[in-house]
There are 2 protein chains.
Amino acid sequence: MTENDHSDPSRGADGLFNRSLARGLSVLESFRDADRPLSLAEIASRTGLTRSAAQRLVHTLRKLGYLTLADDGRGFLLNLPILDLTHDYLRMNPVLRRASPVLLELRRQVQERVDLSLFDGVRMVYATRLQSKREAFFATLVGHSVPVTGSSGGWAALALLPDAEIDAILARAPLRALTPRSLTDPDAIRAQIAAVRRDGHALALEQVLMGEVAIAMAISDPQGRPVGAVHIAGSLAEWQPEDFRRRMAPPLAAAIRSLRAA
Amino acid sequence: MTENDHSDPSRGADGLFNRSLARGLSVLESFRDADRPLSLAEIASRTGLTRSAAQRLVHTLRKLGYLTLADDGRGFLLNLPILDLTHDYLRMNPVLRRASPVLLELRRQVQERVDLSLFDGVRMVYATRLQSKREAFFATLVGHSVPVTGSSGGWAALALLPDAEIDAILARAPLRALTPRSLTDPDAIRAQIAAVRRDGHALALEQVLMGEVAIAMAISDPQGRPVGAVHIAGSLAEWQPEDFRRRMAPPLAAAIRSLRAA
DNA sequence: ACATCTGTATTGCTATCCGATACGGCTGCA
DNA sequence: TGCAGCCGTATCGGATAGCAATACAGATGT
């Protein structure tokens, strides 16, 4: 019985894995998509933990500051120290570090909203956001994500991948439509990717937000794999799509070029 | 020996505390102020963990996506899932939720940079940031923090507290100067707080950044305790400080007023 | 070629985490 | 006005899961 038999699967499987830490983080993650403070019972149910485990983990996270009891004493909420991690992540992110001056200069040139998003496999996650009066509260927040399938940056990123990989992503991607015009049909998305390969950039109409036109180019790592995208977004009330493309594509391309040099 | 003696202090002291989780989070926190990827040895040294513990914790965090091996295979870096927590935190933050529409409207009115920061006890932590060409990369990031003692928002927040509490904060606050003009002398800071109480707002000159004038008012909870501040920042190249104050104070006050009503 | 870093892997011991169970307070339905 | 059900909180014996020492392979840079 001291042998490595099935009585200790976790040992053979992954003896380095720390279950308590994983469970604790799953508590933090359980706030995904929550729209109000979560009670212990809700946390337990969302994470699959027992109420006891949730209690102990929440207690610990509270002592460390990551969670707080909501104002009315019912339910818990993520708390400020999260933003310290945010800052450390953003600050050390190699893509952002390189891109930041380029982004500011691009913004100065085009006088429209310039964003950077990071590629995740199936999503584009915004790492820098300009506030915009046209958008809803959530959408203006750092960490907001949109499907690769329905954003200019996503198409630009996908275009760098081999077709087989694109197929795999399209197969498992959520294909959630953010607007009535968001593409969800794989063939339509493949057509956009073909357009990116032809034009060198992606142009998207009302994929993320009605009334918005966006142009994007991908950022890649030295191996040529996509790691993110730079977007410029404008209003259809002010721009004809092709005018927007003609005006924005050159400075965007210049920005991406100088990014590659850096 | 089964008694609750000193051999088990953690039981009597805090039997609910999960040490593994705390240690795991301390690994994430160890990236604070790091300026390059951290090796296992560095993480161990920063956290006070053994190399073994650091290894297991890093392994786990890596499996969960929170850490990643740096590009060159030397050292680890915080990774994208951090931004998911960021988004969940910002999205559910009651202060931000209430303030967001007000911020956008204020921004529309004043056409200058409008930020919101959250009060921490000793720091003001930026929860929304507008990119600004005048500022360095780090300073434009969400999660960036400045001392309460040297920012308009900090003075505005402190002004809501009883003097005894202010003294306590001044005693333990870092008093780090961000510019040559940043106040660090407790009495000078107390004078600014007095000015806030008189004027209803804080006006700061070059406290966070040279060439910048900022005006701020605090946001408080129903008990009247400060939870954050709304800032408007302008350039001294374009504004005389008193002109800035006269122009910005009324719309700022209106914004804060409508926040209290909400 | 050696000293010294990386990150990775194994193992016996036992401290630490586990989860069932119980409690007092508050809400809201009856 | 009471009871049912939720809230967050507290306790405790048992054994699982985390612990730290130790060893290893590869890269770096003397």
Engineer: Only one of A/Val230, A/Val142, A/Leu96 passes side-chain contact (heavy atoms from CB on, under 4.5 Å) with A/Thr128; say which it is.
Structural biologist: A/Leu96

Engineer: Any side chain to side chain donor-acceptor pair (under 3.5 Å) involving residues 48-61 of chain A? Give me the pairs, sequence neighbours left out, ordered by first then second residue.
Structural biologist: A/His59-B/Asp14

Engineer: With each end axis built from five pairs of C1' atoms, what bend angle do you get for the helix from C/dA1-D/dT30 to C/dT14-D/dA17? Round to 10°.
Structural biologist: 0°

Engineer: Kindly state each residue pair satisfying salt bridge (charged side-chain N to carboxylate O under 4.0 Å, His left out) with at least one member in residues 152-162 of chain B, sequence neighbours excluded.
Structural biologist: none

Engineer: Return no unless some side-chain N or O of A/Asn18 is found under 4.0 Å from OP1 or OP2 of C/dC17.
Structural biologist: no

Engineer: Provide, to the nearest angstrom, the distance between the CZ atom belonging to A/Phe17 and the C1' atom belonging to D/dC19.
Structural biologist: 17 Å

Engineer: Quick one: side-chain contact (heavy atoms from CB on, under 4.5 Å) partners of A/Ser20, sequence neighbours excluded?
Structural biologist: A/Asn18, B/Asn18, B/Ser20

Engineer: Any pair with a residue in residues 69-85 of chain A that passes side chain to side chain donor-acceptor pair (under 3.5 Å), sequence neighbours left out, goes on the list, sorted by first then second residue, please.
Structural biologist: A/Asp84-B/Arg123

Engineer: Reading nucleotides 4-10 of chain D from the 5' end, what letters show protein touch, with B for base, S for backbone sugar-phosphate only, - for no heavy atom under 4.0 Å?
Structural biologist: ---SBBB

Engineer: For the pair made of CG in B/Leu57 and C1' in D/dC19, what is the distance, rounded to whole Å?
Structural biologist: 11 Å

Engineer: Considering only heavy atoms, which members of residues 19-27 of chain B lie under 4.0 Å from some atom of DNA chain C?
Structural biologist: B/Arg19, B/Ser20

Engineer: Suppose the criterion is salt bridge (charged side-chain N to carboxylate O under 4.0 Å, His left out): which pairs have a residue in residues 146-169 of chain B, not counting sequence neighbours?
Structural biologist: B/Asp163-B/Arg197, B/Glu165-B/Arg225, B/Asp167-B/Arg190

Engineer: Kindly write out the residues that satisfy salt bridge (Lys or Arg N to Asp or Glu O under 4.0 Å) with A/Arg36, not counting sequence neighbours, or none if the list is empty.
Structural biologist: A/Glu42

Engineer: Go through the structure and list residues passing side-chain contact (heavy atoms from CB on, under 4.5 Å) with B/Leu178, not counting sequence neighbours.
Structural biologist: B/Val146, B/Pro147, B/Arg176, B/Ser182, B/Val208

Engineer: According to side-chain hydrogen bond (donor to acceptor under 3.5 Å, both in side chains), who are the partners of A/Arg257, at least two apart in sequence or on a separate chain?
Structural biologist: none

Engineer: Check whether the side chain of B/Arg56 and the base of D/dA17 form a donor-acceptor pair under 3.5 Å.
Structural biologist: no

Engineer: Apply salt bridge (Lys or Arg N to Asp or Glu O under 4.0 Å) to A/Glu29 and list each qualifying residue two or more places apart in sequence or on a separate chain.
Structural biologist: none

